[in-house]
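Notes for the one structure printed next.
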Amino acid sequence: MDIKRIKGMNDILPDEAIKWRRIEDICRKVFMGFGYNEIRPPVIEKTELFARSIGESTDIVEKEMYTLTTSKGGHITLRPEATASILRAYIENSLYVQNPVQKFFTIGPMFRHERPQKGRYRQFHQVDVELLGTDSPYADIEIISLLDYLLIQLGIKDITIQINSLGCKECRPVFQKSLLNFLQGVNKELCQDCRRRINTNPLRILDCKVPSCKKILINAPVILDDLCKSCNDHFNRVKDGIGALGIAYKVIPGLVRGLDYYTGIAFEAITDNLGAQNAVGGGGRYNGLIRELGGPDLSGIGFALGIERLLLLTENNRGEDGDVLLPLYLIALGEKARELFFNLSQRLARASIPNGFSFLTKSLKAQMKLADRNNARFALIAGEDELSDGLVILRDMQTKFQKQIPIENLFENIKNEIMEAEVI
RNA sequence: GUGGGUGUAGCUCAGUUGGUAGAGCACCUGGUUGUGGCCCAGGUGGUCGAGGGUUCAAGUCCCUUCACUCACCCCA
């Protein structure tokens, strides 16, 4: 085998796909309950969309995007996240005209060219939720409540919801200035990464895990002290609101997001069970972004969950579901019987009766094994003898009881047998 | 981009100071002429990641390279 899958891209094999579908089904159900509608933007967009929304100087845009050049020299990019595309669709289709408040969700693949490791892949999948068109604190409360409830429904334990406020256009610059002042003062004591980050992403330093940095940063200015009145009021109302719903959360003044568009409330769902990664999901408010992308001056808030990470967590927490019972397996010996049974197999399938048919000509014993391995409830057996008698044999794989079924009206006879046994 | 770990059968992995490539599971056949799971017996299956070097002899030692994986970084 000389052609292998691309680094960081995974096959989701049938056994795995069952678990994916379970997660997706639960998400859809919860979203519908909260009044969110599915939207499916394309997975590829003009590069500029991401550059403008995520921010030119973020790691994602600077070095992680899969960007292609079109035949006309334009640049298009496989989406590294979903928010930008959803906002683009909202603006482009004027979805805000009838009612500016729109609630969306989408589920699908995202692409970032990073070095893969546990819980981090180049093609990964996100569940993404956006509540657009309002800056009401109720929106923030609903979004965080939705995140919390979704994780509960998915059966994921040991999650902490962390929240913070990043401030708005008014108060964030004030804070950034005092933070920079502070950082330049302690520059020489910081780790190498942090010294680099002073220029690239100073907020990120607050998140540094190096113990010496942590120690120094205890005295760093805190964004929450610099919030303007409206940001502060908003933050308080959100905290009260989620508290009133009984949602456990922790305020983390150092919590920062990696995308530039976030303003105000930011939050993450954190766990220790993901190897080096700690976030299952995260999100926040982005009040200037719709306008920045050429739309009306409307606000938005949303979050994303990583499906691969959810899967890692559900594997820790619960066992697998049992095998699915296959109602019927068809075992044919000889060409005549195969012809009869293939036809039967197709008719049953078209009547939504799941059944198995061996495409390989194998011995009876081997085919019985296949029936068993497919977890079949019944095996239907036909060979030369049966055909000449105008009969086939129906074997109950559990009780080993066998009975003869006339070939005349075979389809109806089998259908009745299966209905009677209530295996579907 | 930078580190560490690992590459041997379809899968999980043994393989001693260099001396004819192994086990378990899976698969196939038989025990049971045409009846599954359990058991027993037998069998198929390997360019030992790739290339080069040392040696009478290399899975094993040396060099190069590739892949996977974990971590840094970043993020979901």
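A, B, ... follow the sequence lines: proteins, then strands. Residue 1 opens every chain.
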Non-hydrogen side-chain atoms of [X] and [Y] separated by less than 4.5 Å:
{"X": "A:Pro80", "Y": "A:Phe50", "result": "yes"}
{"X": "A:Arg112", "Y": "A:Glu81", "result": "yes"}
{"X": "A:Leu166", "Y": "A:Thr263", "result": "no"}

[N] versus [M] - spacing of their [atom1] atoms, nearest Å:
{"N": "B:G34", "M": "B:C25", "atom1": "P", "answer": "26 Å"}
{"N": "B:G52", "M": "B:A58", "atom1": "P", "answer": "13 Å"}
{"N": "B:U35", "M": "B:G49", "atom1": "C1'", "answer": "44 Å"}

Return all side-chain donor-acceptor pairs below 3.5 angstrom for residues 302-309 of chain A, not counting sequence neighbours, or 'none' if the list is empty.
from     : atom 1 : to       : atom 2 : distance (Å)
A:Glu308 : OE1    : A:His125 : N      : 3.0
A:Glu308 : OE2    : A:His125 : N      : 3.3
A:Glu308 : OE2    : A:His125 : ND1    : 2.8
A:Arg309 : NE     : A:Gly119 : O      : 2.8
A:Arg309 : NH1    : A:Ala279 : O      : 2.8
A:Arg309 : NH2    : A:Gly119 : O      : 3.1
A:Arg309 : NH2    : A:Gln277 : OE1    : 3.3

Could you list, one pair per line, each protein nitrogen or oxygen that sits under 3.5 Å from a nitrogen or oxygen of nucleotides 46-49 of chain B, together with the distance?
none

Other residues, nucleotides, ligands: >12 heavy atoms within 6.0 Å of A:Arg40 CZ
no

Show every side-chain hydrogen bond (donor to acceptor under 3.5 Å, both in side chains) that has at least one partner inside residues 354-371 of chain A, sequence neighbours left out.
A:Ser345-A:Asn355

Is A:Glu386 touching bases, backbone alone, or none of the nucleic acid, heavy atoms closer than 4.0 Å?
base

Which part of the nucleic acid does A:Asp128 contact within heavy-atom distance under 4.0 Å: base, sugar-phosphate only, or nothing?
nothing

Whether the side chain of A:Gln367 and the base of B:U35 hold a donor-acceptor pair under 3.5 Å is what I'd like checked.
no

A:Tyr90 vs A:Phe104 aromatic rings, parallel, tilted or perpendicular, using cut-offs 30° and 60°?
perpendicular

Output a table of nitrogen or oxygen pairs between the protein and nucleotides 36-41 of chain B separated by less than 3.5 Å.
from  : atom 1 : to       : atom 2 : distance (Å)
B:G36 : O2'    : A:Asp372 : OD2    : 3.2
B:G36 : N7     : A:Arg395 : NH2    : 2.9
B:G36 : O6     : A:Arg395 : NH2    : 2.9
B:G36 : O6     : A:Met397 : O      : 3.3
B:G36 : N1     : A:Met397 : O      : 2.4
B:G36 : N2     : A:Asp372 : OD1    : 3.1
B:G36 : N2     : A:Met397 : O      : 3.2
B:G36 : N3     : A:Asp372 : OD1    : 3.3
B:G37 : O4'    : A:Asp372 : OD2    : 3.0
B:G37 : O6     : A:Lys400 : NZ     : 3.1

Check the distance between [N]'s [atom2] and [X]'s [atom1] and give it to me in whole angstrom.
{"X": "A:Ile6", "N": "B:C68", "atom1": "CD1", "atom2": "C1'", "value": "16 Å"}
{"X": "A:Phe401", "N": "B:U35", "atom1": "CZ", "atom2": "P", "value": "19 Å"}
{"X": "A:Tyr329", "N": "B:U35", "atom1": "OH", "atom2": "C1'", "value": "14 Å"}
{"X": "A:Leu312", "N": "B:C70", "atom1": "CG", "atom2": "C1'", "value": "13 Å"}
{"X": "A:Lys7", "N": "B:U69", "atom1": "NZ", "atom2": "C1'", "value": "10 Å"}

Considering residues at least two apart in sequence or located in another chain, which fulfil the salt bridge (Lys or Arg N to Asp or Glu O under 4.0 Å) criterion with [X]?
{"X": "A:Arg347", "result": "none"}
{"X": "A:Glu48", "result": "A:Arg52"}
{"X": "A:Arg88", "result": "A:Glu45, A:Glu92"}
{"X": "A:Glu417", "result": "A:Lys403"}

Residue pairs fulfilling ring pair (Phe, Tyr, Trp, His ring centres under 6.0 Å) with at least one residue in residues 358-409 of chain A, sequence neighbours excluded
A:Phe357-A:Phe359

Quick one: stems for RNA chain B, with Watson-Crick or G-U pairs under 3.5 Å, at least three in a row?
B:1-7 with B:66-72, B:10-13 with B:22-25, B:27-31 with B:39-43, B:49-53 with B:61-65

Per-nucleotide protein contact string for nucleotides 71-76 of chain B, where B marks a base within reach and S marks sugar-phosphate only (heavy atoms under 4.0 Å, - for neither)
BBBBBB

Ranking A:Glu384 and A:Leu370 by the position along RNA chain B of their nearest nucleotide, the one closer to 5' is A:Leu370

Using a cut-off of strictly less than 4.0 Å, decide whether A:Lys362 has a side-chain nitrogen or oxygen near OP1 or OP2 of B:C28.
yes

A:Phe31-A:Phe105 aromatic ring centre distance below 6.0 Å:
yes

Name every donor-acceptor pair, under 3.5 Å, that has one atom in a side chain of residues 380-394 of chain A and the other anywhere in the protein, sequence neighbours excluded.
from     : atom 1 : to       : atom 2 : distance (Å)
A:Glu386 : OE1    : A:Gly383 : N      : 2.9
A:Ser388 : OG     : A:Glu384 : O      : 3.3
A:Ser388 : OG     : A:Asp385 : O      : 2.8

